[in-house]
Amino acid sequence: MDMRALLALALIASSALGAENSTRFGVGTTIEAEALRADRSAGYAITQHGSDRFLQFIDRGSHLCYDGVDLSGVKSIEYRYAKGDGEPPRRFAVVAFAGRDFDSATRINLGERITTLTGGWETFRTERIGLSQQLTGLHRLCIIGMEGGGVFNLDRLTLSDQPGRNDGITIDYQMPIEARSAAGERFRLEKVAEVSGELWSMDFLDQDTVIAAEKSGNLWRFDNGKRSGPITGTPQVRFVGQGGLHSVKAHPDYHNNGWIYLSFADPTPQGSMTAIVRGRIRDNRWVDQQVIYKAAPAFYLNSEAHYGSRLAFKGDYLYFSVGDRLQQDQAQDLTSPYGKIHRIFADGRIPKDNPFVARPGAVPTIWSYGHRNPQGLTMHPQTGEVWATEHGPRGGDELNLIIKGANYGWPAVTFGTNYDGTIVSTETQRDGMEPPRTHWTPSIGVSALTFYNGPRFATWRNQLLVGSLAYQELRLVHIESGKVTREDPVLQGMGRIRDVMLGPDGTPYVVLNFPNGMILRLVAFDRT
């Protein structure tokens with residue numbers, strides 16, 4: 001599967017928004033797979049082959065959710081799917097969310113199924129998964145990718161009164177809160193916040209106040225865990241494919257100036273592109289908006305992938321990432337903003353010491369280039385070094401130390417291949433191109449990262465916490481003299497981790513989707 005085939009062609013689910021509790025589907029109903037709640041689903045793309053539209057369901061932790069499902073009398077679900085040759089079997093779960101308010105709802109795993117090959121990615125056949133228990137009444141029904149990812153094409157589902165079998169239940173989708181030990185420390189998990197949609201990022205406004213960005217475009221505020229919002233008046237976003245509302249970041253001097261920064265997929269009639277604005281919040285309204293970064297109109301295009309979009313401050317400088325937007329050769333082109341990490345002042349001005357500011361034709365905001373899709377960006381708390389994580393294609397996720405003016409090689413060098421198995425490049429290194437400090441092959445779906453420098457976990461101090469989407473992990477990456485020496489798992493199998501940061505209390509916080517969007521705090525046990 002080439003990533004170009006994963007571009008979403010339409011947003012089918014808009015009519016479902018706000019209709020969580022109305023009956024839409026019941027026994028005997030056939031549900032077109034693309035009629036899902038887009039703002040409650042993640043890790044899929046809508047695509048088309050001939051006249052047929054279907055979903056490409058991409059990896060583990062991906063979830064497809066349908067509201068208004070009356071499960072009364074439903075004993076099994078028939079599903080029409082396709083799975084190409086050369087791929088291993090994949091396992092998925094059918095999960096029901098019970099209750100009128102799906103935030104914090106009871107999650108019930110109704111059964112798991114292992115897909116088999118059908119002979120091609122457009123060769124569809126119908127199979128059945130039996131439900132492990134009979135439920136009545138309205139539910140949200142979700143299909144969640146598990147072992148190895150849920151990689152297959154899904155055309156439609158039929159709610160059936162016929163019995164069927166499943167391949168057992170291995171996972172309880174209730175959030176575990178028991179004590180655990182990992183990477184030399186003991187801690188428990190504490191849920192700070194939850195929303196029904198897919199959260200992308202978070203930040204602190206003060207000790208007790210969290211701001212969080214939901215990919216569908218909502219900006220939420222949590223005061224001591226109590227949710228308010230969504231904040232009204234925030235920018236319209238292009239919510240399709242990988243696009244949406246991405247990073248939220250408070251200015252380092254937020255206490256005095258009140259500025260909050262948002263990066264997002266900015267929609268225009270010509271297409272979309274990563275953009276950044278800042279504004280303030282008053283009475284749950286977004287006010288005083290200023291545009292901080294907006295690319296030239298020529299760089300807006302219909303690709304719905306590889307926005308980058310992570311933000312990080314270093315004093316009054318704002319660093320931000322822009323992916324290659326599937327125009328991979330432009331990652332090497334200094335006249336294009338694609339595939340770059342950029343640096344500007346917090347008010348949008350361009351620093352005179354940026355490496356290419358004086359080069360004719362070059363985009364003056366560029367700090368480094370040759371990136372594919374950097375979705376993690378952070379500063380070392382002691383050295384001020386800029387570190388980034390970057391999505392590879394099929395393999396070749398990277399951890400990079402970002403150096404002023406450096407070329408990180410994409411697509412001339414890479415450890416990954418195209419999704420259809422073809423070669424991007426035969427080279428993994430080249431003179432004049434900066435190698436990664438480590439790479440992950442196969443890809444872990446690397447996401448955000450942060451250095452831990454708090455007092456709670458002494459053995460983690462000054463090491464990197466790195467999130468994973470596809471592997472659903474939080475890892476502690478040990479670095480000595482700029483080199484990765486080892487990695488330890490901290491969290492595993494709890495959902496797609498999209499963001500990780502250090503709170504003002506010295507505690508790590510993670511944003512994950514399980515499949516609801518949640519913010520968790522890792523609370524350390526006192527050493528005895």
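Note that these values count all heavy atoms, side chains included, but never hydrogens, waters or copies made by symmetry. Positions are given from 1, in the same order as the sequence printed here.
Smallest separation of non-hydrogen atoms from Ser303 and Ser272: O-OG, 3.8 Å. What you find for Phe92 and Met146 is that their closest heavy atoms are C-SD, 3.8 Å. Nearest heavy-atom pair across Gly323 and Pro374 is CA-CD, 4.1 Å. The minimum heavy-atom distance between Ser228 and Asp223, with the atom names listed, is OG-OD2, 4.2 Å. In this structure, Gly392 and Arg372 approach most closely via the heavy-atom pair O-NH1, 2.6 Å. Taking all atoms of both residues into account, the shortest heavy-atom contact from Asp488 to Ala183 is CB-CB, 3.7 Å.
Using a 4.0 Å cut-off between a side-chain N of Lys or Arg and a carboxylate O of Asp or Glu, Glu198 and Arg498 qualify as a salt bridge. Ion pairing between Asp505 and Arg456 fails under the 4.0 Å rule for side-chain N and carboxylate O. In summary, Arg107 and Glu194 engage in a salt bridge, as defined by a charged side-chain N under 4.0 Å from a carboxylate O. A salt bridge links Glu214 with Arg40; the closest basic N to acidic carboxylate O contact falls under 4.0 Å. For Asp499 and Arg310, the salt-bridge test passes: some basic side-chain N is under 4.0 Å from an acidic carboxylate O. Of the charged side-chain nitrogens involved, at least one lies within less than 4.0 Å of a carboxylate oxygen, so that Arg156 and Glu32 count as a salt-bridged pair. Ion pairing between a basic and an acidic side chain is recognised when a charged N comes within 4.0 Å of a carboxylate O; Arg80 and Glu78 show no such pairing. Checked for salt-bridge contact, Asp161 and Lys75 miss the test: no charged N lies under 4.0 Å from a carboxylate O.
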**Request:** Go through Thr116 and Arg125 one step at a time and tell me if the side-chain hydrogen bond (donor to acceptor under 3.5 Å, both in side chains) criterion holds.
**Result:** CA-CA 10 Å; Thr116 55; Arg125 75 180 185 205; 2.3 Å; yes

**Request:** Begin from the C-alpha positions of Thr115 and Arg91 and carry the test side chain to side chain contact (heavy atoms under 4.5 Å, CB included) through to its verdict.
**Result:** CA-CA 6 Å; Thr115 61; Arg91 191 179 188 101; over 6 Å; no

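Screening Gln242, Arg238, Arg325 against Glu304 for a side-chain hydrogen bond (donor to acceptor under 3.5 Å, both in side chains) leaves a single residue, Arg238. If you run side-chain hydrogen bond (donor to acceptor under 3.5 Å, both in side chains) between Thr158 and each of Thr29, Thr126, Thr30, only Thr30 comes through.
The distance from the CG atom of Leu520 to the CG atom of Leu512 is 4.5 Å, given to the nearest 0.5 Å. Rounding to the nearest 0.5 angstrom, the gap separating the OG1 atom in Thr450 from the CG atom in Asn453 is 7.5 Å. Atom CG of Asn153 is separated from atom CZ of Phe57 by 11.5 Å, given to the nearest 0.5 angstrom. Here the straight-line distance linking atom CZ of Arg180 with atom CG of Leu189 works out to 4.5 Å at 0.5 Å rounding. Considering CZ of Arg128 and OG of Ser76, their distance stands at 4.0 Å, rounded to 0.5 Å. Taken from CD in Gln48 to CD1 in Ile46, the straight-line distance is 10.5 Å, to the nearest 0.5 Å.
In this structure, Trp387 and Phe451 have perpendicular ring planes: the angle between them is above 60°, well past the 30° mark. Note on ring orientation: taking the six-membered ring where Trp is involved, the planes of Tyr452 and Trp460 are perpendicular (angle over 60°, cut-offs 30° and 60°). The aromatic rings of Tyr79 and Phe152 lie tilted to each other, with the angle between the two planes from 30° to 60°. Using cut-offs of 30° and 60° for the angle between ring planes, the Phe514 and Tyr173 rings count as tilted.
Arg227 forms no cation-pi arrangement with Phe222, by the criterion of a distance under 6.0 Å to the ring centre and an angle within 45° of the ring axis.
Using modelled atom types and a 3.5 Å distance limit, the side chains of Thr389 and Gln375 yield no donor-acceptor pair. Side-chain polar atoms of Ser443 and Tyr471 form no donor-acceptor pair below 3.5 angstrom. Between the side chains of Asn166 and Glu112, not a single donor N or O lies within less than 3.5 Å of an accepting N or O. Defined by atom type and a distance below 3.5 Å, a donor-acceptor pair is present between the side-chain atoms of Ser309 and Ser263.
Between Tyr408 and His371, the distance separating the two ring centers is shorter than 6.0 angstrom. For an aromatic pair to be called close, the ring centres must be under 6.0 Å apart, and Phe415 with His439 satisfies this.
Looking only at side-chain heavy atoms (C-beta outward), Gln133 and Leu110 come within less than 4.5 Å of each other. Side-chain contact check for Leu219 versus Val248: some heavy-atom pair is nearer than 4.5 Å. Contact check for Asn218 versus Val195: no side-chain heavy atoms found under the 4.5 Å cut-off. You'll find the side chain of Val424 reaches within 4.5 Å of the side chain of Trp410, heavy atoms only. With a 4.5 Å cut-off on side-chain heavy atoms, Thr118 and Tyr81 count as touching. Using a 4.5 Å heavy-atom cutoff, the side chains of Pro508 and Phe457 are in contact. For the pair Leu159/Val69, a side-chain contact is recorded, criterion being any heavy-atom separation below 4.5 Å from C-beta on. Side-chain atoms of Gln328 and His306, non-hydrogen and from C-beta on, never get closer than 4.5 Å to each other.
Among residues at least two apart or in separate chains, salt bridge (Lys or Arg N to Asp or Glu O under 4.0 Å) pairs with a member in residues 387-398 are Glu87-Arg394.
At least one donor-acceptor pair under 3.5 Å links the side chain of Ser447 to the backbone N or O of Ile497. No donor-acceptor pair under 3.5 Å is formed between the side chain of Thr441 and the backbone N or O of Gly395. The backbone N or O of Asn373 sits nowhere less than 3.5 Å from a side-chain atom of Tyr307 that would complete a donor-acceptor pair. Looking at Glu185, its side chain does come within 3.5 Å of a backbone N or O of Ala458 through a donor-acceptor pair. Here the side chain of Asn513 pairs a donor or acceptor atom with the backbone of Leu199 at under 3.5 angstrom. Checked by atom type and distance alone, the side chain of Ser41 pairs as donor or acceptor with a backbone atom of Arg37 at under 3.5 Å.
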